[in-house]
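To keep things clear, I will list the structure first and then write my remarks on it.
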Amino acid sequence: MGSYSTVLVGTDGSTSSFRAVEAAARIAADAGATLVLACAYHPMPERQRQHAADRLGDLAYKVEGSTPADDALRAARDRAVAAGARDIDEVAVEGDAVDSLVELAENRRADLVVVGNRGLNSLAGRLLGSVPANLSHRSPCDVLIVRTTDGR
């Protein structure tokens, strides 16, 4: 692997994705690279959002717009800082995870995209395709798939 100046990592706020964030942060720190934390999200359908808002009351903002993605990015930033990353950007993107990561990699001129392996070993992942597998075929740059699950 060469030296990287921009490392992009996808997170969905899961424990598994945070392992990928930590690996990407270590790589970015070692290379003196910018770390771009990305979280793709789909807006909640209006009917579902209204139902959640009715139940949550004053906390309804937690399920509106990009708030869940923003929360995941804040938690990812904490993990990245703890792993040594210094230059960190956060991006919440409305859309499909693979499409969003490919577009961000192109727009940010990323040298490396990092994702966790979650989905590679599942039946749904094998039949429908997974984020890591699809990204590895479409990415405009190197892709590192971090082992973030036990593979069972």
Side-chain angles (χ1 to χ4, degrees), residues 1-45 48-49 52 61-152:
M1 291 192 292
S3 181
Y4 298 114
S5 61
T6 303
V7 177
L8 170 64
V9 61
T11 183
D12 61 6
S14 67
T15 301
S16 173
S17 74
F18 287 152
R19 289 185 189 119
V21 167
E22 291 163 353
R26 288 191 298 272
I27 292 168
D30 290 346
T34 298
L35 178 65
V36 179
L37 303 170
C39 184
Y41 68 94
H42 291 285
M44 188 179 286
Q48 186 180 3
R49 189 200 60 74
Y61 72 91
K62 291 187 172 267
V63 296
E64 294 180 352
S66 64
T67 299
D70 294 335
D71 290 346
L73 289 170
R74 273 191 293 282
R77 175 181 275 277
D78 291 344
R79 302 260 183 150
V81 168
R86 291 172 292 284
D87 182 9
I88 304 170
D89 290 336
E90 300 169 28
V91 184
V93 182
E94 185 178 326
D96 173 73
V98 174
D99 294 339
S100 297
L101 288 171
V102 168
E103 185 175 328
L104 276 171
E106 291 169 349
N107 292 342
R108 295 290 182 112
R109 294 192 172 118
D111 308 296
L112 177 66
V113 179
V114 179
V115 290
N117 71 320
R118 189 168 133 206
L120 285 176
N121 296 320
S122 70
L123 177 59
R126 288 192 298 273
L127 294 176
L128 304 173
S130 66
V131 170
N134 290 335
L135 185 62
S136 71
H137 294 288
R138 295 186 44 206
S139 176
C141 60
D142 292 350
V143 175
L144 174 62
I145 300 172
V146 177
R147 184 171 178 82
T148 60
T149 60
D150 65 8
R152 292 190 182 117

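Everything numeric in this text was worked out from a predicted model, so none of it was measured. The first residue of the sequence shown is numbered 1, and numbering continues consecutively from there.
- Residues passing the side chain to side chain contact (heavy atoms under 4.5 Å, CB included) test with Glu94 are Tyr41, Pro43, sequence neighbours excluded.
- In plain terms, the two heavy atoms of Leu35 and Ala85 that are nearest each other are CD2-CB, 3.9 Å.
- Between the side chains of Asn117 and Thr148, at least one donor N or O sits under 3.5 Å from an acceptor N or O.
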| field | Leu37/Val9 under side chain to side chain contact (heavy atoms under 4.5 Å, CB included): CA gap, chis, key distance, verdict | value | CA-CA 5 Å; Leu37 303 170; Val9 61; 3.5 Å; yes

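- Among all heavy-atom pairs drawn from Ala110 and Leu8, the shortest one is CB-CB, 4.1 Å.
- Between Ile27 and Leu144, some side-chain heavy-atom pair lies under the 4.5 Å cut-off.
- Take Arg74 and apply the side chain to side chain donor-acceptor pair (under 3.5 Å) test, not counting sequence neighbours, and it matches Asp71.
- When all heavy atoms of Ala80 and Ile88 are compared, the pair lying nearest together is CB-CD1, 3.9 Å.
- In terms of the side chain to side chain contact (heavy atoms under 4.5 Å, CB included) criterion, residue partners of Ala33 (sequence neighbours excluded) are, by chain and number, Val7, Ala28, Ala31.
- Partners of Ser139 by side chain to side chain contact (heavy atoms under 4.5 Å, CB included), not counting sequence neighbours, listed by chain and number: Val113, Leu135, Cys141, Val143.
- Under the side chain to side chain donor-acceptor pair (under 3.5 Å) criterion, Asp96 pairs with no residue at all, not counting sequence neighbours.
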| request: Begin with the C-alpha distance, continue with both residues' side-chain angles, and end with the deciding distance and a verdict on side chain to side chain contact (heavy atoms under 4.5 Å, CB included) for Val93 and Glu103. | output: CA-CA 10 Å; Val93 182; Glu103 185 175 328; over 6 Å; no

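- By the side chain to side chain donor-acceptor pair (under 3.5 Å) test, Arg109 is found to be paired with no residue, residues two or more places apart in sequence or in another chain being considered.
- Put simply, the side chain of Ser136 gets close to the backbone of Ala133: a donor and an acceptor are under 3.5 Å apart.
- To the nearest 0.5 Å, the span separating CG on Asn134 from CG on Asp99 amounts to 9.0 Å.
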| task | Check the pair Arg108, Thr34 against side chain to side chain contact (heavy atoms under 4.5 Å, CB included), reporting the backbone distance first and the verdict last. | result | CA-CA 10 Å; Arg108 295 290 182 112; Thr34 298; 5.8 Å; no

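- Sorted by first and then second residue, the salt bridge (charged side-chain N to carboxylate O under 4.0 Å, His left out) pairs involving residues 77-88 (not counting sequence neighbours) are Glu22-Arg79, Arg77-Glu90.
- Every side chain to side chain contact (heavy atoms under 4.5 Å, CB included) that Ala72 has, sequence neighbours left out, goes to Cys39.
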